[in-house]
Protein chains: 2
Amino acid sequence: MAMIEAKRKAALWLENGGIRATRQREILAALLMGDGHNRHVTAESLFDAVRGCGERVSLATVYNTLRAFSEAGLLREIHVTGGKVYFDTDTTNHAHFYWEDTGELHDAGHDAPEHEVRVSNLPTPPEGTEVSRVDVVIRLRRI
Amino acid sequence: MAMIEAKRKAALWLENGGIRATRQREILAALLMGDGHNRHVTAESLFDAVRGCGERVSLATVYNTLRAFSEAGLLREIHVTGGKVYFDTDTTNHAHFYWEDTGELHDAGHDAPEHEVRVSNLPTPPEGTEVSRVDVVIRLRRI
DNA sequence: CTCAATGCAAAGTATTTGCAACCGA
DNA sequence: TCGGTTGCAAATACTTTGCATTGAG
């Protein structure tokens, strides 16, 4: 996908989240829409991607922007280590593979509906609460 | 349960993990075995519990010991926020409720087998890996 | 113009580590 | 005694914040 196309998608995406477009946000959004595929990034990895394409956005802004996108429902946070937070451009409900040794994060069985991980027999949420979402992480160990 | 009983369980528990008993480890183990129930602690909360019962263990040792217990298979780590790491004394496979606002963590449907959360249709782990474990976290939002 | 967004550096939070003193087998 | 364990302080890793500057509408 051409960069120009990514920028177009990025603009629509930002508008969709009711987020004002700025130079930095457009760069980050374009990178996230990048190859047209679902991406899993951390603040660091996205920051590196920015520098990698010759652009410049401060690390603090990357952090703040990822949070803003997340709060606008454009991204979904994933927690797999105490350390860093991952963000997923696919906000639909799906499970993840997590490599314990390398820290890689991929979608699990999200290529086709029949491969989707299924969670059943969910308990009723306690009084005064509702389910915000159900996270499923399949941790992998190198054999 | 009396403190003396907790100490007894703690000693067996440590031995079970092949972990040498020391004063601090016995204190921590006894607190974890405490009320005979499954506990969810963080380094901070366990450190506070130590001070609360008049004992003294350094915070660094609490961190190191939790990690040691974890590596010995006596505890299980749970990741729900980028911030802190929770440890669960119940190492069997079970789902958790997580209160997004307060940071509370409880077991979900682990009281009886028929209430257990079920995960099915798990994808085959990628070449060269095996499933270390599957984490299910039900995030709750206050209504 | 005006107010929100940005960038930097400093502060914060959670955790690990280096190393000397210590203690249990 | 000896090697593993502890405690402290310092270091590290990740993220947020304060504030002056910049920029979009």
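Both backbone and side-chain heavy atoms feed into the values below; hydrogens, waters and symmetry mates do not. These figures come from a predicted structure and were not determined experimentally.
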So, is [X] near the phosphate of [N], with a side-chain N or O under 4.0 Å from OP1 or OP2?
| X | N | value |
| --- | --- | --- |
| B:Tyr63 | C:dT15 | yes |
| A:Thr22 | C:dT6 | yes |
| B:Arg20 | C:dC23 | no |
| A:Arg25 | C:dT6 | yes |
| A:Arg23 | D:dG23 | no |
| A:Arg56 | C:dC8 | yes |
| B:Gln24 | D:dG7 | yes |

Practice problem: Starting from the 5' end of DNA chain C, give me the residue, B:Gly83 or B:Ala21, whose nearest nucleotide shows up first. | Solution: B:Gly83
Using the side-chain heavy atoms of [X], tell me which of these nucleotides is nearest: [options].
| X | options | result |
| --- | --- | --- |
| A:Ser58 | D:dT6, C:dG7, C:dT17 | C:dG7 |
| B:Val57 | D:dG7, D:dT15, C:dA14 | D:dG7 |
| A:Asn64 | D:dT17, D:dT15, C:dT16 | D:dT17 |
| B:Ala60 | D:dC14, C:dT17, C:dA9 | C:dT17 |

Exercise. List in chain and number order the residues that pass ring-ring contact (aromatic ring centres under 6.0 Å, His included) with A:His106, two or more places apart in sequence or in another chain; answer none if no residue qualifies.
Key: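 Partners of A:His106 under the ring-ring contact (aromatic ring centres under 6.0 Å, His included) test: A:Trp99.
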Quiz prompt | Option among A:His96, A:Arg76, A:His79 that satisfies the side-chain hydrogen bond (donor to acceptor under 3.5 Å, both in side chains) test with A:Asp135 | solution =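 That would be A:Arg76.
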Quiz item: So, A:Arg139 side chain and A:Val80 main chain: donor-acceptor pair closer than 3.5 Å or not?
Solution: yes
